[in-house]
Amino acid sequence: SVERILDPRLRDRVVSAEQAAAFIQPGETVAMSGFTGSGYPKAVPLALAQRIEDVHAAGQPFQIKLMTGASTAPELDGALAKVDAIAMRMPFQTDPDARKRINEGKLDYIDIHLSHVAQHVWFGFYGDIDTAVIEVSAIREDGSLVPSTSVGNNKTWLDLAKKVIIEVNEWQPADIEGMHDIYYGTALPPHRKPIPLIHANDRIGQTTLNVDPDKIVAVVRTNGPDRNSPFKPIDEDSRQIAGYLIEFLKHEVAKGRLPANLLPLQSGVGNIPNAVLAGLAESGLRGLTSFTEVIQDGMLDLLKSGVLDYASCTGFALSPEANEEFKRNIKFYRERIIMRTQEISNHPELVRRLGCIGMNGMIEVDLYGNVNSTHVMGSRIMNGIGGSGDFTRNGFLSTFLSPSTAKGGSISAIVPMVSHVDHTEHDVSIIVTEQGLADLRGLPPRARARQVIDNCAHPDYRDQLNDYFDRACRDSYGKHTPHLLPEALSWHQRYIDTGTMKA
Ligand code: 0RQ
């Protein structure tokens with residue numbers, strides 16, 4: 001294979017993953033690459049987990065604080081969580097072992113908007129970054145780094161870390177070089193300037209990451225795949241939800257509120273967003289664009305069929321088949337995909353300027369449109385807020401898509417009051433379930449409740465919701481946003497006590 005480490009100074013620093021992991025000391029804040037299972041380091045976290053396990057076996061403490069771009073993979077979050085190596089984790093994670101420990105109260109998790117991570121670290125809110133561990137696809141002659149399949153917070157980690165470990169992953173396509181756009185114009189207040197991005201496909205930066213070569217303590221060669229999980233076949237609920245949403249978007253075009261090619265789409269990950277993307281392929285819409293965090297299978301299909309002109313992202317979440325397609329036709333995709341840092345891919349200024357259409361999943365929504373994206377029964381974290389808030393608050397339209405029930409119908413996703421709030425009623429415009437679509441734009445609270453109950457609630461829960469709402473309208477302390485406080489969270493408590501929200 002062709003040499004990927006072209007800077008001779010750095011070729012001299014190639015060591016094993018174990019030797020590299022030995023640079024990381026107990027108590028350090030370690031910032032790693034990785035975004036939704038793409039571009040995370042494959043070898044050093046595993047070696048570190050092994051080392052920490054050995055230290056623990058010898059009766060000594062050893063934990064780190066861990067930051068990334070977003071979720072990673074079993075080789076990173078999973079391996080470190082399993083050996084209790086993580087004292088604090090931020091920002092977004094989806095790992096079952098980490099989740100279990102977080103919900104047992106053994107692992108501190110800090111869940112912030114993905115666009116905020118880099119700037120909050122720059123502001124000093126999280127202390128110093130001791131070590132950065134970053135996967136790249138190559139190191140150029142001048143020591144600059146060619147990113148791999150995610151950019152995330154890598155620019156910030158490389159700028160701020162005291163020492164840097166680089167993994168050069170030969171499994172990543174060499175021809176990914178040129179796909180990235182790394183913007184170095186961010187400054188700290190009060191010196192910030194407008195970000196010069198007007199269209200979702202504008203290039204405003206450079207294709208590589210800068211790093212001070214003197215900070216690089218180790219370079220590790222790897223050759224391993226991203227976490228390319230297969231997608232489930234699109235189920236009937238997802239197809240229906242996608243259908244309602246696309247019908248609505250076409251209606252907005254007909255009304256003149258959206259251009260014929262819509263506005264840049266942001267799409268969450270999972271079955272429903274994938275169904276929406278598949279639905280768009282058959283919608284007759286053309287010339288679509290995307291300004292999003294994550295590109296998943298459906299988005300590649302849209303690019304390939306020419307329905308989508310281009311997409312901007314910070315990472316990928318592809319099935320193994322889609323990844324093969326991506327690698328095979330990397331030159332085609334390199335012309336149409338631009339990968340940015342997550343502070344840019346999710347930037348409020350840009351999401352607002354471009355007028356993004358946000359499409360995200362949710363755990364539950366209440367009568368008035370407050371959305372819970374993160375907590376089951378108000379206290380158990382599922383994943384985290386991810387970038388959903390960046391797009392929901394700032395986009396042209398914010399839509400939340402979910403089946404109307406969970407856990408075989410024992411949970412209603414439409415509840416009197418959400419048990420945790422991630423997106424407030426002020427930010428949320430559209431709710432879609434397999435029952436229908438609630439358009440909350442321009443509506444006062446009681447009218448919002450009518451829309452949500454009539455259009456989105458599952459028939460099994462509609463009477464119960466109407467009963468609550470009617471009594472709230474009659475007996476509530478205030479009649480603006482009617483609630484019966486002792487009852488507002490009783491559905492959740494009933495589920496915890498009896499295993500169902502049904503009365
Ligand atoms: O759990 O697998 O144990 O059965 O939540 O739910 O229906 O498979 O849907 O995969 O789209 O996830 C909100 C979690 C939805 C996701 C959430 C349970 C359900 C199942 C998954 P099981 P589904 P999805 C872009 C934007 C926040 C981050 C975000 C998410 C599991 O969309 O993490 O938007 N969003 N990022 O059973 C109890 C309910 C439930 C429930 C679902 N009401 N009560 N459990 N579940 N609803 C990406 C990034 O930002 C990086």
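Because only heavy atoms are used, hydrogens play no part in the values below, and waters and symmetry mates are left out as well, while side chains stay in. Whatever order the structure lists them in is the order used to number ligands and atoms, beginning at 1.
Ligand 1 has a nitrogen or oxygen under 3.5 angstrom from a nitrogen or oxygen of G387. At least one N or O atom of N383, backbone or side chain, sits closer than 3.5 Å to an N or O atom of ligand 1. Distances between N or O atoms of I363 and those of ligand 1 include at least one value under 3.5 Å. On a distance-only criterion, E293 and ligand 1 share at least one N/O pair closer than 3.5 Å.
Residues Q172 and D226 bring a donor and an acceptor atom of their side chains to less than 3.5 Å of each other. Judged by distance alone, the side chains of Q342 and N346 never bring a donor and an acceptor atom under 3.5 Å apart.
At least one protein heavy atom sits closer than 4.0 Å to atom 30 (C) of ligand 1. Proximity of atom 50 (O) of ligand 1 to the protein is indicated by at least one non-hydrogen atom lying closer than 4.0 angstrom. In this structure, atom 3 (O) of ligand 1 has protein heavy atoms in its sub-4.0 angstrom surroundings. Inside a 4.0 Å radius of atom 6 (O) of ligand 1 there is not any protein heavy atom. Within a 4.0 Å radius of atom 21 (C) of ligand 1, the protein contributes no non-hydrogen atoms.
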Would you check, one step at a time, whether the test side chain to side chain contact (heavy atoms under 4.5 Å, CB included) holds for V376 with Y495? CA-CA 11 Å; V376 173; Y495 176 78; 5.7 Å; no
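Using a 4.0 Å heavy-atom cutoff, I272 is absent from the residues neighbouring ligand 1.
Checking G315, G361, G384, P91 against atom 27 (C) of ligand 1, the nearest heavy atom belongs to G384. In this comparison of V269, L114, I385, the heavy atom closest to atom 36 (N) of ligand 1 sits on I385.
Counting non-hydrogen atoms of other residues, nucleotides and ligands closer than 6.0 Å to CZ of R380 gives a total of 12 or fewer. Within 6.0 Å of CZ on R257 lie more than 12 heavy atoms contributed by other residues, nucleotides or ligands. More than 12 heavy atoms of other residues, nucleotides or ligands shown are found within 6.0 angstrom of CZ on R336.
Of all atoms in ligand 1, numbered sequentially from 1 with element shown, those under 4.0 Å from a heavy atom of V376 are 38 (C), 45 (N). Residue K407 has at least one heavy-atom neighbour below 4.0 Å for each of these atoms of ligand 1: 1 (O), 3 (O), 4 (O), 22 (P), 37 (O). Close contacts of ligand 1 with G268, meaning ligand atoms under 4.0 Å from a residue heavy atom, involve 25 (C). Contact atoms of ligand 1 toward A406: 39 (C), 40 (C), 41 (C), 47 (N) (distance under 4.0 Å to a heavy atom of the residue). Each of the following atoms of ligand 1 lies closer than 4.0 Å to a heavy atom of G386: 50 (O). Of all atoms in ligand 1, listed by their number and element, those nearer than 4.0 Å to a heavy atom of I411 are 38 (C), 39 (C), 43 (N), 44 (N). Residue contact check: T36 has heavy atoms under 4.0 Å from atoms 51 (C) of ligand 1. The M362 neighbourhood of ligand 1 comprises atoms 13 (C), with distances under 4.0 Å to a heavy atom of that residue.
I129 has its side chain within reach of M67: a pair of non-hydrogen atoms, C-beta onward, lies under 4.5 Å apart.
In this structure, the side chain to side chain donor-acceptor pair (under 3.5 Å) partners of Y333, at least two apart in sequence or on a different chain, are E325.
Salt bridge status for E236 with R239: present, with a side-chain N to carboxylate O gap under 4.0 Å. A salt bridge is defined here as a Lys NZ or Arg NE, NH1 or NH2 lying under 4.0 Å from an Asp or Glu carboxylate O, and E135 with K42 meets this definition. Taking a cutoff of 4.0 Å between a charged side-chain nitrogen and a carboxylate oxygen, E252 and R441 qualify as a salt bridge.
Judged by the 6.0 Å distance and 45° axis criteria, K250 is not positioned over the aromatic ring of F248.
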